[in-house]
*Asks:* 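Can you read through this structure? Questions will come right after.
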Protein chains: 2
Amino acid sequence: MNPPSPREQDILAAAASLFAQQGYPGTSMSQLAAACGLSKPALYHYVPDKAELLARICEAHVEKLAALVREERALKLAPEAQLRELVRRFLQVYGEARHEHRVLTEDLKFLPEPRQQRIRELEREVVSGFADALAALQPALAQQQLAKPVTMLLFGMINWTYTWHRPDGPLSDAQLAELVNGLLLGGLPALGQAGRAS
Amino acid sequence: MNPPSPREQDILAAAASLFAQQGYPGTSMSQLAAACGLSKPALYHYVPDKAELLARICEAHVEKLAALVREERALKLAPEAQLRELVRRFLQVYGEARHEHRVLTEDLKFLPEPRQQRIRELEREVVSGFADALAALQPALAQQQLAKPVTMLLFGMINWTYTWHRPDGPLSDAQLAELVNGLLLGGLPALGQAGRAS
DNA sequence: CCTACCGATCGGTAGG
DNA sequence: CCTACCGATCGGTAGG
C-alpha cells in the first residue's frame with residue numbers, strides 16, 4: 001500500500017524475472033532471496049509473503065496499462081490515431097516490462113480469488129479502452145457485437161509478442177507497432193460481413 | 001513411445017486439464033491420482049514420472065499440428081485458400097484440445113532442455129508452414145523479411161484465443177476463423193511499406 | 001526499544 | 001493396488 005522503497009522495487013523486479021522464467025509455483029522464496037543477495041529472513045523483512053509479491057507485480061503492471069488508456073482517452077484523438085497510439089504505447093510498455101507482462105499473463109491465476117478480482121477489473125477497463133476506440137472507428141463492428149472479439153484478436157497480436165519478439169533483434173518495437181497497426185487498420189474494413197455463419 | 005492405452009489417454013487428458021488450470025509446477029501427482037480415481041502408486045504404474053506426462057501431452061499436440069500442416073501442404077491449394085484452411089483447422093483443433101494447447105503454450109519451458117528441443121523443432125515446422133503460405137500470397141513480405149513477424153502476429157491472434165474465447169459462447173470456432181481470416185487477408189495488402197523505420 | 005538483519009530450524013508436503 | 005514411508009525442499013518464523 002505504501003509507495004515501494006527502492007529496495008522493494010529491486011525485489012519486485014527480481015521476482016518478476018524469476019516468475020516469468022520459472023512460473024510462480026516453480027520459484028522458491030529461497031531462490032528469490034539468493035537472487036537479491038539477501039537471506040530468506042531478510043527478504044521476509046521487506047515482503048509479507050510470496051503471494052503479496054505476485055499481487056504487487058500484477059497490480060503495478062495493469063495499473064500502468066489502465067493509466068495509459070485513461071491518458072489516451074483524455075487526449076480525444078480521432079479514433080484511428082487513438083488506436084494507433086494505444087498499440088504503439090502498449091508495445092513500448094511491454095518491451096520495457098516484459099517480465100511483468102508475462103507474469104500478469106501466465107501467473108495471475110495463482111492469486112487468491114479476491115485478490116484477482118481487482119486486477120481483472122482493471123484488465124477489463126483496458127480492454128474497454130481498445131474496444132471503444134475500435135467501435136468508434138468501425139461502428140458496424142459494434143452493431144454486430146464484434147468489437148470485443150476483434151479487440152481480443154488485437155490483444156492476441158500484441159500480448160503474444162513476448163513469445164517470439166526480441167527487443168534487441170532486427171525488428172524494433174516501433175516497427176512492430178507499425179506492422180500491427182497496418183494489419184489491423186488495413187483489415188478492419190474487410191470485417192463488414194465477417195463473423196456471420198456462412 | 002508405445003501407443004498409449006485407453007487408460008493412459010485418460011490420465012494424459014486429466015493431466016492436461018490440471019496442468020492447464022494450475023500450471024505444471026503447481027500440480028501435484030497426488031492431485032492427478034485423485035482426479036483419475038487412482039492411488040499415487042497406481043498412477044505411477046502407468047506413468048514413469050511427472051515430466052514424462054508433460055512431454056507426452058506437448059508432443060502429441062504439436063505432432064497433430066505438424067501433421068495438419070503437412071496435410072494442407074500436400075493439397076497444393078492456392079496460397080489464400082491454403083492460409084484460410086490452416087487458420088480454420090488450427091482453431092478447430094485448439095477448440096478440441098484447449099487444455100493441451102495451453103499446456104504446450106505455458107508449460108513447455110518446464111521440460112528438460114533435450115526434451116524441449118524435439119518439440120520446438122516441430123513448432124518451427126508449423127510456423128514455417130504458415131510463413132511459406134504467407135510468403136506465397138504476398139511475396140513483398142518475404143522480400144522485406146516480414147513473413148516471420150507477420151506469421152507470429154497471426155499466431156498471436158489464434159494462440160491467444162484460449163484466454164477469452166468460449167466454445168459454448170455466441171461466437172463459434174468457424175465464425176472466429178472467419179474473423180481472423182478477414183483481418184489477416186484484408187490487412188496484408190496494407191503491409192507493403194510497413195515495418196520500415198519511419 | 002527501534003531497525004535491519006543473521007544462522008538455524010519450524011510444521012507440512014513435494015515427488016518418488 | 002494398498003499403507004507406509006524416504007530424502008529434499010517448500011513457505012515462513014523462531015531466538016538472539
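Naming: A, B, ... by sequence-line order, numbering from 1 per chain. All values below come from the heavy atoms of this structure, side chains included, with hydrogens, waters and symmetry mates left out.
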*Asks:* Of the residues in residues 24-40 of chain A, which ones touch DNA chain D at a heavy-atom distance under 4.0 Å?
*Replies:*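 The stretch gives A:Thr27, A:Ser28, A:Met29, A:Lys40 as the residues lying under 4.0 Å from the strand, ordered by number.
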*Asks:* Before we go on, tell me: are the rings of A:Tyr162 and A:Tyr94 under 6.0 Å apart, centre to centre?
*Replies:*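 No, the ring of A:Tyr162 stays outside the 6.0 Å limit from the ring of A:Tyr94, centre to centre.
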*Asks:* Rounded to whole Å, please give me the gap between CG in A:Leu53 and P in D:dG11.
*Replies:*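 Rounded to whole Å, this separation is 11 Å.
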*Asks:* Please check the phosphate of D:dC1 (OP1 and OP2 only) for any side-chain N or O of B:Tyr44 closer than 4.0 Å.
*Replies:*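 So the side chain of B:Tyr44 is outside the cut-off, no N or O lying under 4.0 Å from OP1 or OP2 of D:dC1.
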*Asks:* Taking the six-membered ring for Trp, are A:Phe90 and A:Phe155 parallel (under 30°), tilted (30 to 60°) or perpendicular (over 60°)?
*Replies:*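 Taking A:Phe155 first and then A:Phe90, their aromatic rings stand perpendicular (interplane angle over 60°).
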*Asks:* Work out which heavy atom in B:Leu171 is nearest to a heavy atom in A:Pro149; give both atom names and the distance.
*Replies:*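 Where B:Leu171 meets A:Pro149 most closely, the heavy atoms are CD2-CB, 4.0 Å.
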*Asks:* Report yes if at least one side-chain N or O of A:His45 is closer than 4.0 Å to OP1 or OP2 of C:dC5; otherwise report no.
*Replies:*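 No.
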*Asks:* Is the shortest side-chain N to carboxylate O distance from A:Arg56 to A:Glu8 below 4.0 Å?
*Replies:*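 So A:Arg56 pairs with A:Glu8 through a salt bridge.
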*Asks:* Judged by atom type as modelled, is there a donor-acceptor pair below 3.5 Å linking the side chain of A:Gln31 to the main-chain atoms of A:Ser28?
*Replies:*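 Here the side-chain-to-backbone pair exists.
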*Asks:* Can you figure out which of D:dG11, C:dA4, C:dC6 approaches the side chain of A:Tyr46 most closely?
*Replies:*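 Within the option list, the nearest is C:dA4.
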*Asks:* Would you kindly give the CZ-to-C1' distance between B:Phe19 and C:dG15, to the nearest whole Å?
*Replies:*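 Answer to the nearest Å: 12 Å.
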*Asks:* To the nearest Å, give me how far apart CG (A:Leu43) and P (D:dT13) are.
*Replies:*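 So the CG-P distance, A:Leu43 to D:dT13, works out to 12 Å.
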*Asks:* P atom, C:dA4 versus D:dG16: distance in rounded Å?
*Replies:*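 Taking atom P in both C:dA4 and D:dG16, they lie 22 Å apart.
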*Asks:* Whole angstroms only, please: what is the CD1-C1' distance between A:Ile11 and C:dC5?
*Replies:*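 It works out to 12 Å between those atoms.
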*Asks:* From C:dG15, C:dC6, C:dC5, pick the nucleotide closest to the side chain of A:Arg7?
*Replies:*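 Of C:dG15, C:dC6, C:dC5, C:dC5 is nearest to the side chain of A:Arg7.
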*Asks:* Check the surroundings of atom NZ in A:Lys109: do more than 12 heavy atoms from other residues, nucleotides or ligands lie under 6.0 Å from it?
*Replies:*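 Count over threshold, so yes.
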